Amino acid sequence: MLRQLELWDAQAGTAGNGWSVRQSPRARRLSVRVFRHGGVEIVVPPRTPPQRVSAFVSEHREWIERQQRRAARPLAWPLPPAELVLSALGQTWRCSSAAGPGAVRVSELPGRILLLHGQLSDDVGLRRALRGWLVRQARAHFEGPLRALGADLGVIPGALQVRCQRTRWGSCSRHGTISLNACLLFQRPQVLRYLMIHELSHLRHMNHSTRFWGEVARHEPDWRALDRELVQGWRLVPGWMLR
Ligand SMILES: [Zn+2]
């Protein structure tokens with residue numbers, strides 16, 4: 001790992017082999033994240049000398065490698081899955097497969113059984129079908145709570161967008177459109193609620209100022225712990241969602 005870092009080029013900001021170094025004007029200190037696909041991103045404040053980056057990486061080398069091994073574990077998330085635990089909704093769906101011709105389709109059967117049928121050897125099609133179903137599930141179940149929380153906060157959100165994203169849990173546009181990640185389905189209900197409060201609070205404060213966090217805290221005093229939980233929350237998301 002250290003050897004790879006020597007490839008770091010301060011101009012290009014890349015370190016080779018799935019490593020990247022990103023300068024962020026908002027970063028106060030160095031930080032590192034390991035993506036599910038095993039890629040490593042080091043975020044550094046502007047004008048951080050390369051030696052500082054090297055020292056930081058050697059300090060955290062063990063942790064980074066441990067995360068990469070975890071990301072590489074091939075059998076952690078079998079495809080097709082045996083079941084889908086949608087913690088946010090308190091639902092567990094058992095998956096049943098029926099191989100046949102044609103594109104992969106997903107049907108809901110009574111008793112929370114999800115029937116996957118079609119060409120199941122087509123990994124890409126299978127992932128697409130499952131992601132599509134999860135996005136529809138999220139859209140159907142997130143809208144009501146989001147509107148209700150909006151009413152508690154005294155704000156009216158615009159359109160709700162649900163997407164399957166690898167890097168962010170949610171966002172709020174200047175026009176009031178709130179975007180939520182379908183991967184939130186795999187988080188605890190409290191965590192989902194916190195993220196909704198977070199995005200709704202952006203309708204009052206389009207920043208992460210003290211006043212913004214004050215607004216969040218008024219509705220969720222435990223926001224710090226929940227925010228931390230969300231950072232770790234990617235581990236709960238099936239690997240095939242993020243590929
Ligand atoms: Zn925010």
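Numbering of ligands and ligand atoms starts at 1, following listing order. This structure is a prediction, so every number in the text was calculated from the model and none was measured.
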Q) At what distance, to the nearest 0.5 angstrom, does CD1 of I42 lie from OG of S31? A) 9.0 Å
Q.
Tell me how many protein N, O or S atoms are within a distance shorter than 2.8 Å of the Zn ion (ligand 1).
A. 3
Q. At their closest point, which heavy atom of R33 faces which heavy atom of W234, and how far apart are they?
A. NH2-NE1, 4.0 Å
Q) With distance as the sole test, does E215 use its side chain to make a donor-acceptor pair with the main-chain N or O of R204 at under 3.5 Å? A) no
Q: Determine yes or no for a side-chain-to-main-chain donor-acceptor pair under 3.5 angstrom, with R147 supplying the side chain and P157 the backbone.
A: yes
Q: Locate the shortest heavy-atom distance separating I197 from E220; write the atom from each residue and the value.
A: CD1-CB, 4.0 Å
Q: Kindly say whether L230 contributes a backbone atom to a donor-acceptor pair with the side chain of W169 at under 3.5 angstrom?
A: yes
